[in-house]
Amino acid sequence: MDQAQDFDRTFERFQLIANGPALFNAVTTALDFDLFRFLSDHPGSEFDAVQRFTEVPRHQLRVLLHALCATELVVKHDERYTNSEVAERLLASDAPESWRDTLLGWRRFQYPAFPHTTQALRTGTNTALSAYPGEGPTLYDRLSHDPETEAAYHASLGPFTHLFAPALLDHAELSSVGNLLDVAGGAGTIAKMFADRYPHATVTVFDMPSVTQLAAQSVPPHLAGRVRFHAGDLFQDTFPTGFDGVLFSHSLEVFSPEQNKTLLAKALDALAPGGKIFAYGTTAPDDERSGLLAARLSLFLNVLAAGSGMAYPAKDYCAWMLDIGCADVKAFTDLPYEHGLVVGTKGSS
Ligand SMILES: C[S@@+](CC[C@H](N)C(=O)[O-])C[C@H]1O[C@@H](n2cnc3c(N)ncnc32)[C@H](O)[C@@H]1O
């Protein structure tokens, strides 16, 4: 790429970033109006048809449709509107690959926090937590005192989990595990998918009492007995033992390197010899030069979730696992949705 092309590309990205917050809200508003689904059912709709369906005043609908066309998610041709292929696949349906509920979750739980970024990064504190009443230094502590918001938060994570989990569940490294401990397993989405995928296996979700209580209610009858729950605090309580796999999915991102080494050492104690630790989540590339999902997640973690952590690169997980005495540490990067998996084995001595 020559210098002029390089400038043009970065300038176009700059325009998207500068106008992004407004356009993001146009997209989620279109989701509120079920507009992408309507265009999926009626491709090539005229303005009047969209207006009759949405019942948005004509001028305001004109503004919204222009915004959606500017994003290129909706295409206007001969005064008719159609979903782009991306909108059709990611926004128009409730299919598992839909981003619909993920974006609505980001609107509710993530984006209100980001105006705090300057203050939070300067002070090293997750100052956006002030929007959540109660005690406790993390979003998770605060949510544990507000069951309704906690349930909505975990429900908002589910759709994205369905996008990124298959790369983990299909991974050869996980396929031989018969008894998995899913640390900070949240609503149990991955645990249920794991038990579905491996009918010979059992899985125990370790999380805060308020979370495991909620998650236990959503285990379908055919998985009963194979998806179990263990309530506790990651740092105050010991992990249950006797597992041949310990999974950290999207949980080590939340904490500091020191805390993560503590958690990994506890995982090693929970494992039988030969057992494996799996660190899975959004990972920045080792050179930390790219990764939009990783960058957004890292900011969210520091501004709101815990005031620490990041989408650490795989090399960090490798270094921690080697430090605590894991053998045969392997990293698998470039998994879909900027995900990475690092696996360490408990030696026999
Ligand atoms: C980002 S969520 C990850 C959920 C799930 N593993 C996934 O992949 O979607 C982090 C989880 O850590 C749990 N958590 C945070 N602090 C905790 C603590 N001190 N003790 C137990 N669980 C904790 C939260 O309740 C939440 O379910």
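Note that these values count all heavy atoms, side chains included, but never hydrogens, waters or copies made by symmetry. The first residue of the sequence shown is numbered 1, and numbering continues consecutively from there. Keep in mind that this is a model prediction, so the values were computed, not measured. Indexing begins at 1, ligand by ligand and atom by atom, following the structure's order.
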Which residue and atom name correspond to the protein heavy atom nearest [atom], and how close is it?
| atom | answer |
| --- | --- |
| atom 16 (N) of ligand 1 | Phe255 CZ, 3.9 Å |
| atom 27 (O) of ligand 1 | Asp207 OD2, 2.8 Å |
| atom 19 (N) of ligand 1 | Asp233 OD2, 3.2 Å |
| atom 17 (C) of ligand 1 | Leu234 CD1, 3.6 Å |

Which of the listed options, [options], holds the heavy atom that is closest to [atom]?
| atom | options | result |
| --- | --- | --- |
| atom 12 (O) of ligand 1 | Ser144, Ala184, Gly188 | Ala184 |
| atom 6 (N) of ligand 1 | Pro209, Pro137, Ser249 | Ser249 |
| atom 3 (C) of ligand 1 | His250, Gln259, Glu253 | His250 |

* For ligand 1, is there an atom lying under 4.0 Å from some heavy atom of His154? -> yes
* Check whether any heavy atom of Gly232 sits under 4.0 Å from an atom of ligand 1. => yes
Could you check whether the rings of [X] and [Y] sit parallel, tilted or perpendicular, using 30° and 60° as the cut-offs?
| X | Y | result |
| --- | --- | --- |
| Phe11 | Phe7 | parallel |
| Tyr198 | Phe194 | tilted |
| Phe164 | His250 | tilted |

Spacing of [X] atom [atom1] and [Y] atom [atom2] [to the nearest 0.5 Å]:
| X | Y | atom1 | atom2 | answer |
| --- | --- | --- | --- | --- |
| Asn260 | Glu253 | CG | CD | 9.0 Å |
| Asp141 | Glu135 | CG | CD | 10.0 Å |
| Gln110 | Tyr153 | CD | OH | 7.0 Å |

[X] versus ligand 1: do any nitrogen or oxygen atoms come within less than 3.5 Å of each other?
| X | answer |
| --- | --- |
| Asp182 | no |
| Ser251 | no |
| Tyr153 | no |

* To do: Show the numbers, then the answer: is there a side-chain contact (heavy atoms from CB on, under 4.5 Å) between Val254 and Thr138?
  => CA-CA 10 Å; Val254 176; Thr138 73; 5.9 Å; no
Using a 4.0 Å cut-off to any heavy atom of [X], which atoms of ligand 1 qualify?
| X | result |
| --- | --- |
| Gly186 | 27 (O) |
| Gly185 | 5 (C), 6 (N) |
| Thr161 | 9 (O) |

* **Within reach of ligand 1, part of Val211 (heavy-atom separation under 4.0 Å)** => side chain
* Structure fact -> Smallest heavy-atom separation, Ile277 atom then Ala267 atom, equals CD1-CB, 3.9 Å
* To do: Report the C-alpha distance between Ser40 and Glu88 in whole Å, list the side-chain angles of each, state the deciding distance to 0.1 Å, and finish with yes or no for side-chain hydrogen bond (donor to acceptor under 3.5 Å, both in side chains).
  => CA-CA 6 Å; Ser40 179; Glu88 190 63 27; 2.6 Å; yes
* Asked: Side-chain contact, heavy-atom cut-off 4.5 Å: Leu264 with Phe248?
  -> yes
